[in-house]
Structures are given as C-alpha cells and as structure tokens.
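Please read the structure below before turning to the comments.
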There are 2 protein chains.
Amino acid sequence: MTVRLGDALPSGSFESDHHSLQAGLRAWIENKTGHPAGYLEQLYTFADRDREPSSDPNTRRISISYLGLVREQSALGSDRPQWLGWYEYFPWEDHRDRRPPVLDAIIEGLDEWASSDSEQHASRRHRIDHAFGRVGPGWNEDLALQRYELMYEACLVAECGRLRGPGFGRAMAGDHRRILATGIARLRAKIKYHPVVFELMPNSFTLLGLQQTVEALAGLRLHKPNFRRQVDQQELIEETGEITSETRGRPAKLFRYRRSILEARALAGSRLPIARD
Amino acid sequence: MTVRLGDALPSGSFESDHHSLQAGLRAWIENKTGHPAGYLEQLYTFADRDREPSSDPNTRRISISYLGLVREQSALGSDRPQWLGWYEYFPWEDHRDRRPPVLDAIIEGLDEWASSDSEQHASRRHRIDHAFGRVGPGWNEDLALQRYELMYEACLVAECGRLRGPGFGRAMAGDHRRILATGIARLRAKIKYHPVVFELMPNSFTLLGLQQTVEALAGLRLHKPNFRRQVDQQELIEETGEITSETRGRPAKLFRYRRSILEARALAGSRLPIARD
DNA sequence: CTTCATATACTCGAATCGAGTATAAAGGAG
DNA sequence: CTCCTTTATACTCGATTCGAGTATATGAAG
C-alpha cells in the first residue's frame, strides 16, 4: 500500500524545525497525509547521478527515503491522497492466487536481454535464474528489488529510456518505483523477524485478518494451521474476549497485540550456536 | 576492525566521477587505504542537526555511511592507516572471555540516570533492562547501538557535552562512534543470515579460524561442535585437501568458501509458513 | 436439516538445535 | 619412549520446532 499522488511517493525537501530527520518526517507525514505514522525507519539514500535522465548530469539529487507503516483510515475526502495497492506497480510480485501469468512474458524478455550480450550472457542468466526462482528452492519473495533491477537493466519497465515491449506494471515518477521496490523488499524481509505487521492492524483483529495482511505483504499464500501455531507460540497477541461475525462461516475470536511483550523477548532467536558456561 | 585515522572513520566528501556512490566509494577506499573493498553496503544516512555541537545550528551536515569488509593485509608501511579492533571503543561489547567487568559501572551509571527523572524512570529502566539483558533471555549482541544510545543519553561517553564520570571506552571524532556502533549492530545481525564472514577470511582457512572470526564480530564465545555442524550443513565451504600445522594441537584441514553456492540456495529459510499447492 | 464456509484443535514424522561425549593426531616435558 | 596438553573431528541423545495434513466446531444460507 502506498500513498498515491499521481503515481509518485510522497516526498519533499527537508527543511524543518526538527533536529532529527525522523521527527521532522513524522510531523510532515501527519500534516500532509492525515495519517499518523506508526512505524518509521530509514530505508535507503539514493544519490546516483543518473536518477533523473532529463536533468544536468553534473548535479546530484540526494533522496533519503523512509519506510513508514500506518493503519488504513476511513476515506477522508477527495483532497486527501488515496491508498493504492503496490501490486498495481508490481503485478509480477503477487503470488497469492497463482503464479502471475505475466511472469512468462517477463522472463522471456529477460532471457532475450541475457542472450543479447554474449560476454555477459552467463552471469545475467545466473541472476535471472536466482531472482525468479528457476534454480534453488523456488520463488523468494524477498528478492523484489533484484527482480526490478533486472527488469530495469533489460529495459522492460517504462522508466528505462529506450523501453522495448509493453513496459510491465504501472510506471511511477522518477525513480520512485525503484524506491518502492526497495521498500517492499525491506518490509518483506523485516516481517520475518520483527512484528511490524501489527502497525498495519486495527486494535482488534482476527487471526485470518492478520494472516491476510502478512500474505498481502509477502505476496504469498500461507499455511493456516502453521501460521496460527507460529503466532501463538510467539505470544505476541492475546484474546480480547470478544467475537466477530463478519459474514459467512464460524465467528472468529478477536485478538489484540501485546505491545509489552517486545521488551521481554528476543525476537527470532540468535541463530548463532552460543556456548554457555 | 576499523581503519584508524586519529580515532575517526575514513570519510570524505562525495565528489567523484562515478555515477553511483557505491562505485565511487569503492575506488576511493582502494586509493585511500590500499585495501580493496570486498563487501560494501550502505549503512545509514546521518542528518540530524546537532551532530556537531560546535557548528552553526542552522546548517545540516549529511553523512551517508557505508559498511565495508576487507581482508586484513600485511603491514603496508606507516603512511597507511593501521587496523584497530573496535573493542577499543566499545570494551563493554566484548563477551568472549567473560562478561566485561566494566559493565557493572556502566549499568550503575545508567541506573542513576534513570532515577534522576521520576517521570521517565520506568521507561528508561525498561530500555536499560532490555538492552543490557537484565530481563528476557539475557545479553543480546545485536543491541550494540541501543546500548550506545542509552550511554550517550546518560552522558556516560565523552562525546556527550556534559560528561559525568570517566567516559567509557575510547572516544572518536564527531559522531563517528555512533556510526561505528550502527555498523557493529548491522554486521552482527547480518552474519546470522548472510555469509558475509567469508569476506574477512583468507582464501583458505581452518574451521577454528572461521569460528574465531565470527566470535570476534559477535563478541561471544560459540559452541564448537554446533558451530561446525551449522557451517557444515549450510554447504558453504569445501575442503581444499590441504592441512595446516600452525603451532600446537592436531593439524587442521583447510577449507575454502564456495562462492557459487550463494546463487543456488536460499540463505536462512523463509520463516514464513508457506502453503504449497 | 443439510450444506457451505470458516474457525479452531490436534497429530505425526522429519528436521533442527542445544548440550555433551568420545576419539584422533600433533608437539613438548620428563 | 611415555604421558600430557592441545587442538581437531566425529558422534550421540533428547527436546524443540517445522512442514504437512486431519478432525471437529459453529455460524449462515437454502
């Protein structure tokens, strides 16, 4: 989900009264979008010279990007930006229903690009196979940025100067789509070891709702019993005692996030075989 | 390990002919330090206003920091910067031999600071308990930055204007020690799911050498049999066939890193309970 | 009352993990 | 030479986690 301002990410120059960029940004977001920012982390600083193909090659525009998560709010009138799912811009990243059919055309285009340079053929081929899961354990949702970068290099997206073919997905202003891809990749990696999903949930929610949110982020369908077990043994949520009956099926218990637990537990164990003595 | 230039991190302004910052930086490092950079990733962009207490509060200095890993080289003459272990600057982060005795004094100072503000007492106390492992599962090496930030807020490090007490660890220029803490924390987290350690190893190495490198990064002692098992089943290394006999003990087999494996395997599984069908 | 859809609970074997033990091979002390 | 120290390497065992699947509960719709 991203704020839409004519297919651009919300941005501005950083003049602010605040000492820290983060604090200034928080105020700016709330003012500009009407949504208070819950979670906020620095994403990446883009400073390459050819970010804007049209401008003077001797200037360098520096963008410090942030990843923010906010709860979706009810409609706020048409003067406010609307929410738009990010799969508009990255249709090949959504594997929830099925492997997106558009992937075939993308991979065909990439293969063509790989073959077009006999010297780099093998290395390009390796990158494609890896990023799109043709080797190894299959599709890896974390590689969203690598996939976009390959498509950019191969000129399969409209941002590329000399686009060939249709241009996959909806384009964005400047290099905003690259920034968004960076954010998606970061967020997809992050949800695995830090409970940021809850910043997107309302105060009380069902387990299915939580699962569907994670699925939307990861672009994958998850295994319901195992998802519940995982959530359960992390002890991150507790029942509110209430029950919801949204249309169809057995009513579900409502849960709330236990903010306090964060301080008491190590999230996603250490993975290092520590010696104890 | 960090390059020493009078207790500062190597830095410079980013005028370069290169289109990408990363490429320019790579060239700059090699030129300046004589060490070719192996692994390089953007770390964090520091842009707060009060980074340099002495300067004009209406200017903002922006530093884009990078984390780089290089193999240690033989001495190159005294005109080149020397390597210095980072535990000079963060003695409380080295738990390889034992819990560092200096931690007692640090925690005492922090407790005093927490108590000095009755309104924030509880929240400060929580942060201290969490960062220094007094609650939950104990010491967590990944929290190096949080620990430094607490010490900075409590004015227990010399960078703070109104230092009280001795000032723990060796100070660095400007906010370089905060940057270094950021890098340590990032690297400690990274080695758990990405095989960057090998960027620090020579072409062939023993398992103990590898373990000691990881231990130096994590500041922890590891369990030898389990460390070997983990390395082994990741299939990241292979025997060279040779044997080393560095002084003392049974000679060890030499191993080399299998660069190729990276493309074929998913590193540190997905942690999401994916549905397959 | 049956069917459908969803919620929730439980099972089972495989893989992984923490912790520890056992054996092998070098050098040095006596 | 023998024993001891030191490091290398191999193996064990129980507990926990994980992938995958099954079974039962409870509402709404027809």
Side-chain angles (χ1 to χ4, degrees), chain A residues 96 137-141 192-193 204-215 218 220-255 265-277, chain B residues 96 137-141 192-193 204-215 218 220-255 265-277:
Chain A
R96 284 176 293 179
W139 180 263
N140 181 347
E141 75 282 5
K192 288 176 191 135
Y193 58 90
S204 74
F205 49 84
T206 67
L207 290 178
L208 182 59
L210 182 64
Q211 178 177 344
Q212 286 172 334
T213 305
V214 175
E215 287 176 337
L220 291 174
R221 198 58 70 192
L222 302 183
H223 185 278
K224 179 143 78 170
N226 290 349
F227 177 79
R228 284 153 164 271
R229 178 172 62 188
Q230 194 181 75
V231 166
D232 192 78
Q233 68 194 17
Q234 290 190 115
E235 298 183 298
L236 289 168
I237 63 177
E238 62 191 1
E239 300 184 14
T240 67
E242 286 170 287
I243 288 187
T244 181
S245 50
E246 323 125 71
T247 166
R248 302 210 304 191
R250 176 175 166 180
K253 291 181 191 164
L254 286 174
F255 292 82
R265 285 170 46 83
L267 305 156
S270 90
R271 277 183 178 276
L272 286 180
I274 296 174
R276 316 203 178 275
D277 47 17
Chain B
R96 284 175 293 178
W139 181 261
N140 181 347
E141 75 281 4
K192 289 176 189 133
Y193 58 90
S204 74
F205 50 84
T206 67
L207 290 178
L208 183 59
L210 181 64
Q211 179 177 344
Q212 286 171 334
T213 304
V214 175
E215 287 176 336
L220 291 174
R221 198 58 72 191
L222 302 183
H223 185 277
K224 179 144 78 170
N226 290 350
F227 177 80
R228 284 152 164 272
R229 179 173 59 188
Q230 194 181 75
V231 166
D232 193 77
Q233 67 194 20
Q234 291 191 113
E235 299 184 296
L236 290 168
I237 63 176
E238 62 191 1
E239 300 184 13
T240 67
E242 285 170 289
I243 287 186
T244 181
S245 50
E246 321 124 71
T247 166
R248 303 210 303 191
R250 174 174 168 181
K253 292 180 189 163
L254 286 174
F255 292 82
R265 285 170 46 83
L267 305 157
S270 90
R271 277 183 178 277
L272 286 181
I274 298 174
R276 318 204 176 274
D277 46 16

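Being a predicted model, the structure only gives us computed values, none of them experimental. Residue numbers start from 1 in every chain, and the chains themselves are labelled A, B, ... in the order their sequence lines are given, proteins ahead of strands.
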Kindly indicate whether the side chain of [X], heavy atoms from C-beta on, has any atom under 4.5 Å from the side chain of [Y].
{"X": "B:Asn226", "Y": "B:Arg229", "answer": "yes"}
{"X": "B:Leu207", "Y": "B:Ile237", "answer": "yes"}
{"X": "A:Ile243", "Y": "A:Leu254", "answer": "no"}
{"X": "A:Phe255", "Y": "A:Leu210", "answer": "no"}
{"X": "A:Thr213", "Y": "A:Phe205", "answer": "no"}
{"X": "A:Glu141", "Y": "A:Lys192", "answer": "yes"}

In whole angstroms, the gap separating P of C:dT16 from NE2 of B:His223 amounts to 18 Å
Rounded to whole Å, how long is the line connecting atom CG of A:Asn226 with atom C1' of C:dT8? 14 Å
Can a donor-acceptor pair be found, under 3.5 Å and without considering hydrogens, that links the side chain of A:Glu215 to the backbone of A:Leu222? yes
For nucleotides 28-30 of chain C, print each protein N/O atom paired with a nucleotide N/O atom at under 3.5 Å, atom names and distance only.
none

If you find the nucleotide of DNA chain D closest to B:Pro225 and the one closest to A:Gln230, which residue's nucleotide is nearer the 5' end? B:Pro225
The residue, B:Glu239 or B:Ile274, whose nearest nucleotide of DNA chain D is more 5′ is B:Glu239
Restricting both atoms to N or O, compile the protein contacts to nucleotides 3-6 of chain C shorter than 3.5 Å, with distance only.
residue, atom, partner, partner atom, Å
C:dT6, OP1, A:Arg248, NH2, 3.2
C:dT6, O2, A:Arg250, N, 3.4

DNA chain D: 5'-most and 3'-most nucleotides touching chain B, 4.0 angstrom heavy-atom criterion: D:dT6 to D:dA20
All salt bridge (charged side-chain N to carboxylate O under 4.0 Å, His left out) counterparts of A:Arg228, not counting sequence neighbours: none
Run the salt bridge (charged side-chain N to carboxylate O under 4.0 Å, His left out) test against B:Lys224 and tell me which residues pass, sequence neighbours left out. none
Contacts of A:Arg248 meeting side chain to side chain donor-acceptor pair (under 3.5 Å) (sequence neighbours excluded), chain-then-number -> none
